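Contents: one structure, followed by commentary.
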Amino acid sequence: MTDMFTPGKLGNLELDNRIMRSAVWEAMADEDGFVTDSLVECSRALAEGGVGLIILGYSYIQPNGRQQPGQTAIYSDEHVAGMRKITDAVHEAGGRVSTQIVHVGPQTNPDMIGGETPVAPSAVDHRIFGMPRDLTNEEVWKIIEDFGHAARRSAEAGFDAIQIHGAHGYLVSQFISPLWNQRTDEFGGSLEGRMRFASEVYQAVRAIAGDLPLFIKLNVDDFVEGSTTPEDSLPLARKLDELGIDGIE
């Protein structure tokens, strides 16, 4: 009988057990998003405690994709060396560790992103964070490209897997939502159009990650009137499965 303490697999990655530490905001990076000794030791402790797979807290892939102080950054090659300290520490303790890459979209404030207006699929007023501006088509493609760069940095830093953050109303999540995504280009309109951003992000990451296990965190239901329901999220999950994703959280 299989239980959480038996070995498992994520793609081609062998895990000692099926216990996964889901990503949380550790608030341990420095003010510029660089890894600190505290974050390294936190990751080491989780591995020593026997967690099969540690998912590092959400790392932002563009400077304007940051939400919180102390959040880890992965938008520059300068961040790789610090990330390597985490993977070295976890591997020395016998563990496995994944990045979680994110753009939080409108769920931030100008103070966190250098005074800029937060961005979103469409300029729809957010009841907590206020009115964002809508992304241009060119900017959408640049974000997709930067998810790919974040995947390259994850691989260079020695991570064992990569998770795309497609939940919590962040940017990937908002593109799926008929409430937050009111675009009329190829990234909006029909469910197929609204799913395209997540699909393109996945393919950009896969093209660089190669055989590195790749998975995604998805909302199934936003529990917000007019937003994502299982009728939206389940077709996306099936689409990503067809494309070859290794897991869905």
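Along the sequence shown, residues are numbered consecutively beginning with 1. Note that this is a predicted model, so its numbers are computed, not measured.
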Partners passing salt bridge (charged side-chain N to carboxylate O under 4.0 Å, His left out) against [X] (at least two apart in sequence or in another chain):
{"X": "K85", "result": "none"}
{"X": "E41", "result": "R44"}
{"X": "E192", "result": "none"}
{"X": "R238", "result": "none"}

Original post:
In terms of ring plane angle, is the pair H165 and Y58 parallel, tilted or perpendicular, where the classes change at 30° and 60°?
Top reply: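 The arrangement is tilted - the two ring planes meet at 30° to 60°.
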Residue pairs passing the salt bridge (charged side-chain N to carboxylate O under 4.0 Å, His left out) test where at least one lies in [range], sequence neighbours excluded:
{"range": "residues 143-152", "answer": "D77-R152, K142-D146, R152-E156"}
{"range": "residues 52-73", "answer": "none"}
{"range": "residues 207-226", "answer": "K217-E249"}

Any side-chain to backbone donor/acceptor pair from [X] onto [Y]? Under 3.5 Å, distance only.
{"X": "E92", "Y": "A89", "value": "no"}
{"X": "D16", "Y": "P7", "value": "no"}
{"X": "R206", "Y": "G210", "value": "yes"}
{"X": "W25", "Y": "P69", "value": "yes"}
{"X": "S122", "Y": "V124", "value": "no"}
{"X": "D32", "Y": "F34", "value": "no"}
{"X": "Q107", "Y": "G169", "value": "yes"}
{"X": "D232", "Y": "T229", "value": "yes"}
{"X": "T87", "Y": "R84", "value": "yes"}

Subject >> Sole candidate of I86, I19, V97 that passes side chain to side chain contact (heavy atoms under 4.5 Å, CB included) when paired with I54 >> reply: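 Per the side chain to side chain contact (heavy atoms under 4.5 Å, CB included) rule, the option paired with I54 is V97, out of I86, I19, V97.
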Original post:
Are the charged groups of E200 and R194 less than 4.0 angstrom apart, N to O?
Top reply: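 Looking at R194 together with E200, the answer is no, because their closest N to O distance does not fall below 4.0 Å.
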**OP:** Tell me, with the steps shown, if E186 and R196 meet side chain to side chain contact (heavy atoms under 4.5 Å, CB included).
**Re:** CA-CA 8 Å; E186 69 265 39; R196 181 166 183 180; 3.3 Å; yes
Original post:
Considering residues at least two apart in sequence or located in another chain, which fulfil the side chain to side chain donor-acceptor pair (under 3.5 Å) criterion with S76?
Top reply: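 Scan of S76 (side chain to side chain donor-acceptor pair (under 3.5 Å), adjacent residues dropped) gives none.
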Subject >> With sequence neighbours excluded, residues passing side chain to side chain donor-acceptor pair (under 3.5 Å) with D185 >> reply: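 Here the qualifying residues are N137, R183.
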Closest heavy-atom contact between [X] and [Y]?
{"X": "V140", "Y": "F175", "answer": "CG2-CZ, 3.9 Å"}
{"X": "A120", "Y": "L171", "answer": "CA-CD1, 4.1 Å"}
{"X": "C42", "Y": "M28", "answer": "CB-SD, 3.8 Å"}
{"X": "G130", "Y": "D125", "answer": "C-OD1, 3.1 Å"}
{"X": "V102", "Y": "Q71", "answer": "CG1-NE2, 4.0 Å"}
{"X": "I74", "Y": "S154", "answer": "CD1-OG, 3.5 Å"}

Given side chains that start at C-beta, do those of [X] and [Y] come closer than 4.5 Å, heavy atoms only?
{"X": "S177", "Y": "N219", "value": "no"}
{"X": "L56", "Y": "E26", "value": "yes"}
{"X": "D134", "Y": "V119", "value": "no"}
{"X": "N12", "Y": "P213", "value": "yes"}
{"X": "T228", "Y": "W180", "value": "no"}
{"X": "Y75", "Y": "P63", "value": "yes"}
{"X": "Y60", "Y": "Q67", "value": "no"}
{"X": "M83", "Y": "V40", "value": "no"}

Subject >> side chain to side chain contact (heavy atoms under 4.5 Å, CB included) assessment of S98 paired with D160 >> reply: CA-CA 6 Å; S98 171; D160 301 292; over 6 Å; no
Once rounded to the nearest 0.5 Å, what's the spacing between atom [atom1] of [X] and atom [atom2] of [Y]?
{"X": "T6", "Y": "N17", "atom1": "OG1", "atom2": "CG", "answer": "8.0 Å"}
{"X": "D246", "Y": "I162", "atom1": "CG", "atom2": "CD1", "answer": "10.5 Å"}
{"X": "F197", "Y": "S173", "atom1": "CZ", "atom2": "OG", "answer": "11.0 Å"}
{"X": "N181", "Y": "I176", "atom1": "CG", "atom2": "CD1", "answer": "9.5 Å"}
{"X": "E78", "Y": "R153", "atom1": "CD", "atom2": "CZ", "answer": "10.0 Å"}
{"X": "I101", "Y": "F147", "atom1": "CD1", "atom2": "CZ", "answer": "6.0 Å"}

**OP:** Output, in order, the C-alpha distance, side-chain angles, deciding distance and verdict of side chain to side chain contact (heavy atoms under 4.5 Å, CB included) for T99 and T72.
**Re:** CA-CA 10 Å; T99 45; T72 312; over 6 Å; no
**OP:** Please check if the distance between the ring centroids of F187 and W141 is under 6.0 Å.
**Re:**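 Between W141 and F187, which both carry aromatic rings, the centre distance is below 6.0 Å.
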Original post:
Who else is in the cluster with L53 when I, L, V, M, F, W and Y are joined by side-chain contacts under 4.5 Å?
Top reply: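 Its cluster partners, ordered by chain and number, are L10, L13, L15, M20, I55, F215.
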**OP:** Decide ring pair (Phe, Tyr, Trp, His ring centres under 6.0 Å) for H103 and Y170; before the verdict, give the C-alpha distance in whole Å, the side-chain angles of both, and the deciding distance to 0.1 Å.
**Re:** CA-CA 7 Å; H103 192 299; Y170 300 149; 9.7 Å; no
Look at the side-chain heavy atoms of Ile, Leu, Val, Met, Phe, Trp and Tyr, link any pair under 4.5 Å apart, and say whether [X] and [Y] land in one connected group.
{"X": "M195", "Y": "L243", "value": "yes"}
{"X": "L191", "Y": "Y202", "value": "yes"}
{"X": "I248", "Y": "L236", "value": "yes"}

**OP:** Could you list all the ring-ring contact (aromatic ring centres under 6.0 Å, His included) pairs where at least one residue sits in residues 224-249, not counting sequence neighbours?
**Re:**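 Non-adjacent pairs meeting ring-ring contact (aromatic ring centres under 6.0 Å, His included): zero.
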Subject >> Any residue meeting side chain to side chain contact (heavy atoms under 4.5 Å, CB included) with E116, in chain and number order, not counting sequence neighbours >> reply: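 Once residues adjacent in sequence are excluded, the partners of E116 under the side chain to side chain contact (heavy atoms under 4.5 Å, CB included) criterion are N64, I113.
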**OP:** Start with the C-alpha distance between L218 and S233, add both sets of side-chain angles, then the distance that settles side chain to side chain contact (heavy atoms under 4.5 Å, CB included), and finish with yes or no.
**Re:** CA-CA 8 Å; L218 287 181; S233 55; 5.6 Å; no
